[in-house]
Amino acid sequence: MKGFLHFKTNRKDKDGTNNSENNSKKKKKNANSMSDPNNKYTDPLTMPLTDTYDFNKDMELDMMMDDYLYDDEDRDRIPRINQLPRKPLKEYVVANLLCLCVAFGGFMTGWDTGTISGFVVQTDFIRRFGHLDTAVNTYVLSRVRLGLLVSIVNIGCAIGGIVLSKAGDVYGRRKGLTIVTMVYMVGIIIQISAVNKWYQYFIGRIIAGFGIGGIAVFCPILISEISPKYYRGTCVSFYQLMITAGIFVGYCTNFGTKKYTNSVQWRVPLGLSFAWSLFYMILVLTVVPESPRYLCENNQVQKAKESIARSNRVSPDDPAVQTEMDFIMVSVESEKLAGNAAWGELFSKRSTVFQRVIMGIMIQMLQQLTGNNYFFYYGTIIFKSVGLEDSFQTSIIIGVVNFASTFVALYTVDRIGRRSMLLWGCLTMISCMVIYSSVGVTRLYPNSATSPSKGAGACMICFTCFYIFCYAISWAPIAWVIVSESFPLRVRSKCMALACASNWIWGFLISFFTPFITGAINFYYGYVFTGCIVFSFFYVFFFIPETKGLSLEEIQELWEERVLPWKSTAWIPPSKRTVDYDIEALAIHDGPWYKAFF
């Protein structure tokens, strides 16, 4: 993250002069140019937007725009003209429904998580894909096979997200989603047709993972590009809402099929997976609009204007739509001048893209290291160990809490903000995980199998539910929001693919090794996740800026100006600044690092 944190008192230009002095001179010069009779452009609305226009360096346009905008430090303040207005949420019903349609791809991800946790304890599934343990004369799944069958989908997701991400740039976001959904359907067919060869089911899981990985890349990107900027966080959170809905409905389906003794136990849920994906593919092709940024990249300007107008509930001829188009086109044209994006560009230190790639990889990794999948993948097994007779019912309770809590996130993400919710989420999850682990260690382990304590079990389930509530309103949706809005347009798919790959790889590691780790240290495992969440708190504080209420282009400017994350809430876009706004104060930090907390 070198270059993002600046722990120094001042910076100097190439000529050795203090940068803040130059800024002061530049402001006075630009202020005088407003009244200069030789100035060709006295109205910012007539100033042309050229291919090489730099919004970060040209102070003159910012100065002139001050006459047209309110002098207010609130980012969400509605300007007088030529800015897309912020309307009540009820005015964006159509836009929200369109985003919800895109987000339905998350339902299939959640469905897989919810159903596989039940499959691995279903008698028919174990008989077909396990092995006979002669010591007890029953079929079992070895720890290696159990870990592979549950977690291998994550490896497929990581590979699919990287390999298939190109489809969205070449064919568009909608067609890209259609392609990866078809890949997912192929994987489901292979799994359903498996009879008694566990490796066939294993291969089907990998191929289905290819599709899920592609969906995880395209869904948040498309939602972030078609949603109103003031409610983008809410709309991207729909993706997580659909994941939780899929987990919950998957749990319920397992509960409904557990009474059967044949392959209905697991083939019916898989058949429904195919039905969901077919429905989603039709939905994407017939209802969902294309990304206006992709349309601008491909010179379909009129369609792009219609898409922006549709999302923001205004007429395509509204001047605000044209202003938004100008910002997008400037961004698109400048990125075209830079040429086609190569993978190596993501790791170049000449820009802030590499910093953002690292941030995306870290935030997705830390989402997994909160320990959420410890409960979601192995919930039925965990709660059997605390003496519950029907662990499927407990899983349904977890699913309900997870799903219902995500609705809270829809409200808070664009009101409280990304950073604040992540930080508060860390503090509350630490408390829950410490209590859960301590009760398990002191009251259950190592005697949970022979003499389980129902009182301790009830306490652990209670704090599990509270943990899931805290996770569902913070890290679950906001990690996806941050990675969907932080990357430049020309490398967005590639950056998202790497960030999502981090999520899936760590998901694989946790899912695969959990049976071995819990077998060795049991509930002490919770302390490992506690340490990871503590680290997450400090990482968010020092490296994740606040992006609430900003357009995608404004977020680009925020990163390019290298604003310190803990000062990012005071950042104002260049088009809304006053003459005395000091951007330098947000890019440097005086004193030791720990003073940033105060």
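These numbers come from the heavy atoms of this one structure, side chains and all, not from hydrogens, waters or symmetry mates. Numbering of residues begins at 1 and proceeds along the displayed sequence.
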Okay, side chain of [X], backbone of [Y]: is any donor-acceptor separation there less than 3.5 Å?
X	Y	answer
Y280	T181	no
R418	I482	no
W111	P269	yes
K305	D317	no
S224	S484	yes
S307	A304	no
E546	R419	yes
S551	E554	yes
S502	L498	no

Which atom of [X] lies closest to which atom of [Y], heavy atoms considered:
X	Y	result
G360	F487	CA-CZ, 4.2 Å
G105	C219	CA-SG, 4.0 Å
C296	I328	SG-CG2, 3.8 Å
M359	W559	CE-CZ2, 3.8 Å
S151	S511	CB-CB, 3.2 Å
T547	R232	O-NH2, 4.0 Å

With rounding to the nearest 0.5 angstrom, report the [atom1] to [atom2] distance, [X] to [Y].
X	Y	atom1	atom2	result
N154	I505	CG	CD1	9.5 Å
E561	E584	CD	CD	9.5 Å
R356	C495	CZ	SG	8.0 Å
T406	I473	OG1	CD1	9.5 Å
K548	Y230	NZ	OH	12.5 Å
I188	L278	CD1	CG	12.5 Å

Checklist entry - F541 vs W566 aromatic rings, parallel, tilted or perpendicular, using cut-offs 30° and 60°? => result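 Taking W566 first and then F541, their aromatic rings lie parallel (interplane angle under 30°).
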Item to check | Check: D414/T234 side-chain N/O donor and acceptor closer than 3.5 Å | outcome: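 Yes, because at least one side-chain N or O of D414 sits under 3.5 Å from a partner of the opposite role on T234.
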Next on the checklist: If only side-chain N and O atoms count, and only distance matters, is there a donor-acceptor pair under 3.5 Å linking Q368 with N503?
Outcome noted: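 On atom types as modelled, these side chains qualify, holding a pair under 3.5 Å.
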Just so I know, are the side chains of [X] and [Y] near enough to count as touching, which here means a heavy-atom distance under 4.5 Å?
X	Y	result
I221	S493	yes
V102	L177	yes
I363	L422	yes
L222	S291	yes
L241	F403	yes
Q367	Y471	yes
P545	L558	yes
P477	V413	no

Next on the checklist: For the NZ atom on K175, are there more than 12 heavy atoms of other groups (residues, nucleotides or ligands in this structure) within a distance under 6.0 Å?
Outcome noted: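 Result for NZ/K175: open.
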Checklist entry - For the rings on F104 and F279, is their centre-to-centre separation under 6.0 Å? => result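 That pair passes the under 6.0 Å test.
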Next on the checklist: Assess whether a salt bridge exists between E290 and K303, defined as any Lys/Arg side-chain N lying under 4.0 Å from an Asp/Glu carboxylate O.
Outcome noted: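 Salt bridge between E290 and K303, a charged N being under 4.0 Å from a carboxylate O: no.
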Checklist entry - Taking it one step at a time, do L586 and S568 satisfy side-chain contact (heavy atoms from CB on, under 4.5 Å)? => result CA-CA 7 Å; L586 303 183; S568 58; over 6 Å; no
Next on the checklist: Quick one, C99 with Y231, criterion side-chain contact (heavy atoms from CB on, under 4.5 Å). Give me CA distance, side-chain angles, the key distance, then yes/no.
Outcome noted: CA-CA 11 Å; C99 292; Y231 297 103; over 6 Å; no
Checklist entry - So among V217, L552, D169, V483, which one has a side-chain contact (heavy atoms from CB on, under 4.5 Å) with R492? => result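 Only one of V217, L552, D169, V483 forms a side-chain contact (heavy atoms from CB on, under 4.5 Å) with R492, namely L552.
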Item to check | side-chain contact (heavy atoms from CB on, under 4.5 Å) between F543 and M362, intermediate numbers included | outcome: CA-CA 10 Å; F543 295 104; M362 289 293 295; over 6 Å; no
Checklist entry - Could you go step by step and tell me if F248 and N402 meet the side-chain contact (heavy atoms from CB on, under 4.5 Å) rule? => result CA-CA 8 Å; F248 169 60; N402 189 31; over 6 Å; no
